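Note that the coordinates shown come from a computational prediction; the quantities given were computed from them, not determined experimentally.
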Amino acid sequence: MTSDDHQLPDEPGQPAPPSEPPPDEQPPAPDLPTPPEGAPADLTMMRPLPGADAPPVLPPDGPTVDAPDPPPAPVDGDTVAEDPADLLRLSYYAVSDVGRVRKDNQDSGYAGPWLLAVCDGVGGAARGDIASSTAVNELRQLDEPPGSSDPIVRVSDGLHEAHDSIAAQVYQDASLNGTSTTATVALFDGQRIAVGHIGDSRAYLLRGGELSQITSDHTFVQSLIDEGRITEEEARVHPHRNLILKALDGLHEVEPDLFAIALAPGDRVFLCSDGACGVLDDARMADILASGSPEFAAIELVRASLDAGSSDNVTCVVADVLTAETATADPAYADLEPMIVGAAAELKRRAPRGLFRGHRSGDTGELEPIDAEIPDMPAGVEYAIVDDPPADPEAYRYAPLAPRRFTWLRRLMAAAVGLGLVWVALASAYWWTQQQYYVSEHEGQVAVYRGIDGVPGLSSVYRTSDLAVEDLPESARDDVDEGIAADDYEDAATIVRNLAERMMPADGTGEEG
C-alpha cells in the first residue's frame with residue numbers, strides 16, 4: 001500500500017472496542033483458551049518460550065488487553081516495580097527509507113528506552129510528512145521512565161496531543177488541509193507495553209519463533225477480511241486497498257485502539273509502516289525477525305521490502321525485551337540513544353534513492369557528517385571565514401535600511417486604483433438614479449421625470465403630457481405639485497392616464513377624487 005495514495009472517507013469507521021477482563025483476573029496460563037473475540041491478537045503472550053523447561057517469566061501482576069489501572073507507584077522517575085532490577089529493558093533500532101519510487105519520505109519513526117512509534121503520513125501534495133513528523137515529535141515526549149500514571153492513559157493523551165498539533169499546523173497553513181497520519185505507539189513500563197493504534201501501520205510480537213499481529217488495520221479492505229468476504233492475499237491487490245478509515249488529521253475525533261500486552265524476556269516487538277507489511281507476508285517477516293540483532297533485523301526488513309517491490313516509504317522499528325542482567329552485560333546496550341528517523345529526523349545529510357540494491361546489509365542513506373572534512377577553527381574563532389566575521393547583532397539591528405525603489409510608481413498605481421474604484425461607485429450610483437421615475441408639473445403641464453425628485457442635477461423631464469395641471473381637481477393638483485413616485489416609466493404613464501380621467505369638466509362641476 002502507498003501512503004501518498006491513502007484516502008480518508010468523510011466519516012471514520014467505528015470498530016468495536018476490545019472486551020475488558022475483570023480487574024481481579026490473573027494472567028492466563030500457557031494452556032488456557034484464547035481471549036474473547038474482538039480483542040487484539042495477543043495470543044503469543046500465552047505461549048511458553050521454546051527450549052525452556054519452565055513457564056515464561058511474566059510480571060507478577062501483568063495485565064493483558066484493556067488491563068485495569070496498575071497499583072499506585074512513586075513518580076519523579078521511580079519505577080512501578082518495587083525493585084528496579086525486576087524491570088525489563090528494551091534494546092531497539094529504527095530505520096526509515098524513502099524507497100525506490102517516492103521522491104520524499106512521509107514516514108516518521110521513533111525508538112527509545114520506553115517508547116516505540118511509527119507514523120505514516122497521508123496526503124501527498126498536502127504534505128503527509130508534516131503530519132507524521134508533527135505526530136512523532138509530540139509522541140516522543142512519552143519516552144520517560146514509568147510512574148504512577150496508567151500507560152494506556154498516557155498513550156491516549158499523547159495521540160490527542162498529536163491530533164491537536166496537526167490541527168494547529170493546518171490552521172496556520174491552509175495548504176496543509178487534508179494532511180493526516182497513521183500512528184502506532186508502544187509505551188513500555190518495564191513489564192508490559194501499552195499500545196495505541198490508528199490507521200494501517202502495524203505492530204507485531206515475535207515470541208517463541210511465532211509472529212502475531214497485535215494491531216488491526218483501520219482500512220476498508222480489513223473490514224472485508226473481517227467479514228470473510230476476501231482473503232489477506234486478495235486484500236493486497238484490492239482496488240480500494242489504500243482507503244483508510246481512521247487517521248490523525250486534526251479534524252475528525254480521535255478514536256484509537258488502546259490495549260496493553262505483558263512482555264517476557266526474549267520477546268521481540270516490531271512496528272512498521274505499510275511499506276513493509278504491505279509487501280511482506282508474515283512468514284517472511286518472522287524469518288527475518290527470528291535472527292540477528294534489532295539493527296540487523298530492521299535493516300534487513302527494509303531491504304526485503306524494497307526487493308519485494310514496495311513502491312512506498314518503508315519504516316521499521318525493532319526492539320528486544322531483555323532482563324536487567326542481560327542488558328547490563330551487553331556493551332551495546334549502554335551506548336543506546338533515542339532514535340528518530342524519517343521525515344521527523346533532522347539529518348544534515350541524506351543520500352538519494354536506490355538504497356539496498358544488491359547489498360544485503362546496506363544502510364538507509366542517513367549518514368553522519370565526516371569530521372575529517374570539517375576544518376579546525378582557530379582558537380576563539382567561531383566562524384569559517386576569519387576575515388569576514390558576522391555582523392554585531394546590535395549594530396545590525398539599528399543599521400539604516402536600503403531605500404525602497406520605485407516608491408513614486410507604487411504610490412501612483414495605488415492612487416489610480418483608488419480613483420478607479422471611486423469612479424465605478426459613482427457611475428453605478430448615477431446609473432441607478434436614472435432608472436427612477438416620478439410624475440410632477442413642468443410649465444403648467446403634467447410631466448414624467450426621470451431621476452430623484454428634489455435632487456438637483458439628478459432629475460430631468462423625460463416626457464410632457466398635454467394635460468394641464470389647472471384642469472385637475474385640487475387634491476390631484478397637490479399630489480402633482482409634491483411629485484408622485486413611480487416604479488418605472490410604464491407605471492408613470494399609468495399615473496398620468498389616471499389623472500386625465502379625474503380632469504374637471506369645462507363647467508367646473510366635476511367631482512374630486
Side-chain angles (χ1 to χ4, degrees), residues 12-20 38-42 45 63-70 90 92 94 107-112 114-122 131-144 146-147 149-166 180-189 191-205 212-219 222 244-250 252-263 269-274 277 315 317 319 340 344:
Q14 305 290 334
S19 59
E20 181 175 353
D42 54 33
M45 76 178 67
T64 57
V65 177
D66 283 341
D69 293 342
L90 288 183
Y92 50 84
D107 287 1
S108 294
Y110 181 85
W114 307 105
L115 179 74
L116 310 173
V118 168
C119 295
D120 184 355
V122 184
S132 69
S133 59
T134 300
V136 162
N137 284 326
E138 286 291 339
L139 292 169
R140 64 189 294 191
Q141 301 179 36
L142 299 175
D143 191 17
E144 297 177 349
S149 300
D150 187 341
I152 294 181
V153 175
R154 293 183 62 201
V155 169
S156 177
D157 291 344
L159 290 172
H160 281 81
E161 290 291 338
H163 176 83
D164 293 341
S165 295
I166 294 173
S180 59
T181 183
T182 69
T184 300
V185 188
L187 181 61
F188 185 54
D189 68 355
Q191 298 175 326
R192 59 177 183 165
I193 53 172
V195 179
H197 169 70
I198 185 168
D200 65 349
S201 300
R202 291 183 179 179
Y204 294 85
L205 178 65
S212 293
Q213 180 181 337
I214 59 177
T215 57
S216 180
D217 297 344
H218 298 143
T219 60
Q222 184 62 46
I244 63 174
L245 304 179
K246 288 184 179 182
L248 298 178
D249 59 2
H252 297 85
E253 186 67 23
V254 181
E255 296 180 352
D257 295 342
L258 299 168
F259 54 92
I261 294 180
L263 297 181
V269 181
F270 172 44
L271 275 62
C272 66
S273 63
D274 66 331
C277 57
T315 300
V317 176
I340 184 168

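Between Asp249 and Ser180, the shortest heavy-atom contact is CB-CB, 3.5 Å. Annotation for Ser273 and Asp120: closest pair CB-OD2, 4.1 Å, computed over non-hydrogen atoms. Taking all atoms of both residues into account, the shortest heavy-atom contact from Leu90 to Ala319 is CD2-CB, 4.3 Å. Nearest approach of Asp217 to Ser201, heavy atoms of both residues: OD1-O, 4.2 Å. Taking each heavy atom of Asp143 and Gly112 in turn, the nearest pair found is OD2-CA, 3.4 Å. Closest non-hydrogen pair, Ala260 versus Arg192, comes out as CB-NH1, 3.6 Å.
Applying the side-chain contact (heavy atoms from CB on, under 4.5 Å) test to Arg154 and every residue at least two apart in sequence or in another chain returns Leu142, Glu144, Ser149, Leu187. With sequence neighbours left out, His197 forms a side chain to side chain donor-acceptor pair (under 3.5 Å) with Thr184. The side chain to side chain donor-acceptor pair (under 3.5 Å) check on Thr134 picks up nothing, with sequence neighbours excluded. Remark: Ala162 engages Ala135, Glu138, Leu248 in a side-chain contact (heavy atoms from CB on, under 4.5 Å) (not counting sequence neighbours). Judged as a side chain to side chain donor-acceptor pair (under 3.5 Å), and not counting sequence neighbours, the contacts of Thr315 are Ser96, Asp107. Residues passing the ring pair (Phe, Tyr, Trp, His ring centres under 6.0 Å) test with Phe270, sequence neighbours excluded: Tyr204. Annotation: side chain to side chain donor-acceptor pair (under 3.5 Å) contacts of Ser133 (sequence neighbours excluded): none.
Using a 4.5 Å heavy-atom cutoff, the side chains of Cys277 and Gln213 are not in contact. No side-chain heavy atom of Phe188 sits under 4.5 Å from any side-chain heavy atom of Val269. Between Tyr110 and Leu139, every side-chain heavy-atom pair lies at or beyond the 4.5 Å cut-off. Side-chain contact between Val155 and Pro256: absent, with no pair of heavy atoms (C-beta onward) separated by less than 4.5 Å.
Atom CD1 in Ile198 sits 7.0 Å away from atom NE2 in His218 (nearest 0.5 Å). Taken from CD1 in Ile214 to CD1 in Ile261, the straight-line distance is 4.0 Å, to the nearest 0.5 Å. Rounded to the nearest 0.5 Å, atoms CG (Leu271) and CD1 (Ile193) are 7.5 Å apart. To the nearest 0.5 Å, the span separating NE2 on His160 from CD on Glu253 amounts to 5.5 Å. Between atom OH of residue Tyr92 and atom CH2 of residue Trp114 there is a gap of 10.5 Å, rounded to the nearest 0.5 Å.
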Item to complete: Show the numbers, then the answer: is there a side chain to side chain contact (heavy atoms under 4.5 Å, CB included) between Asn137 and Ile340?
Response: CA-CA 9 Å; Asn137 284 326; Ile340 184 168; 3.6 Å; yes
Item to complete: Take Val195 and Asp257 through the side chain to side chain contact (heavy atoms under 4.5 Å, CB included) test and state the conclusion after the steps.
Response: CA-CA 8 Å; Val195 179; Asp257 295 342; over 6 Å; no
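At distances below 3.5 Å, at least one donor-acceptor pair connects side-chain atoms of Thr215 with backbone N or O atoms of Ala203. For the pair Ser156 (side chain) and Ile152 (backbone), a donor-acceptor distance under 3.5 Å is absent.
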